[in-house]
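As the structure lists them, so they are numbered: ligands from 1, and atoms in each ligand from 1. Computed from a predicted model, the values in this text were never measured in an experiment. Sequence positions, counted from 1, serve as the residue numbers for this chain.
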Amino acid sequence: MLIDTHTHIFDDKFENKEEIIRNALNNNVKEMIVVGYDKESSIKALELVKKYDFLYLSIGLHPSEVLKENDEDLSWMHEILKSEKVVAIGEIGLDYYWDKSFKEEQKKYFKKQIEIAKEYNLPIIVHCRDAVQDCFDILKDESVEGVMHCYSGSLEMAKEFVKRGYYLGVGGVVTFKNAVEIKKIAKEIELTHILSETDCPYLAPTPYRGKRNEPAYVKYVVEEIAKIRGESIDDVEGCLEANAKKLFRL
Ligand code: NI
């Protein structure tokens with residue numbers, strides 16, 4: 001089976017969520033992790049995952065959202081964490097692509113949420129954009145498991161994350177012709193450290209590039225990884241399934 005380890009299917013861009021979920025199941029995507037990025041989206045995601053056995057939840061405060069947070073203790077997270085549906089903390093991390101002006105606030109909430117993950121013994125889903133070195137510096141000495149979601153750093157840094165036990169999330173970008181670095185990573189990193197994801201509705205793979213993404217399309221990601229590595233789709237699919245189940249204890 002295929003697993004989409006990073007979806008935002010609570011998003012308003014999905015008008016008919018039931019149809020999106022049915023389409024995923026019909027394409028062999030049998031489990032999905034629905035990921036929040038602030039209080040409101042995490043609550044929306046919780047309401048959705050409650051309705052289906054095969055949907056799991058990750059909650060967190062995204063680095064681009066930290067300035068609007070007015071609850072220093074993130075007590076809303078502790079509230080949602082009472083649900084058994086929560087399998088990870090995320091997406092959390094650092095994003096200097098959109099705005100570098102509040103790096104310290106981003107770091108503060110990143111560290112705070114790593115502590116929450118440790119407290120609840122959960123893995124983290126890390127969003128890291130144009131901030132690989134700072135992310136690495138924070139994570140390198142932490143005793144927490146997790147995935148570098150939609151990894152966009154170098155192969156060299158990827159190896160450093162893998163050395164410390166982290167997984168690398170590979171999504172639709174790997175199917176783009178010009179995505180040289182992530183193709184290299186998909187080829188060279190041990191398959192046991194890769195997770196399949198869509199980040200839908202964003203980053204649709206070829207042949208849907210530029211359109212709205214959905215969990216069913218994770219198959220294009222897995223097919224591309226298999227092609228790049230010269231391995232069978234079945235073998236790659238089986239390994240990526242096992243990886244997701246192991247990290248998130250699905
Ligand atoms: Ni995301």
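Side-chain contact, Q106 with D134: no donor N or O sits under 3.5 Å from an acceptor N or O. Judged purely by distance below 3.5 Å, without hydrogens or angles, the side chains of D95 and H62 never pair a donor atom with an acceptor atom.
Around the Ni ion (ligand 1), the protein atoms of type N, O or S that sit closer than 2.8 Å are H6 NE2, H8 NE2, E91 OE2, D199 OD1.
Formation of a donor-acceptor pair under 3.5 Å by the S154 side chain with backbone atoms of M157 is found in this model. Although no hydrogens or angles enter the test, the distance criterion places a donor-acceptor pair under 3.5 Å between the side chain of Q113 and the main chain of L61.
Of all heavy-atom pairs between D38 and W76, the closest is C-CH2, 3.6 Å.
For residues 40-67, every residue pair satisfying the salt bridge (Lys or Arg N to Asp or Glu O under 4.0 Å) rule, not counting sequence neighbours, is listed here: D12-K44, E47-K50, E65-K68.
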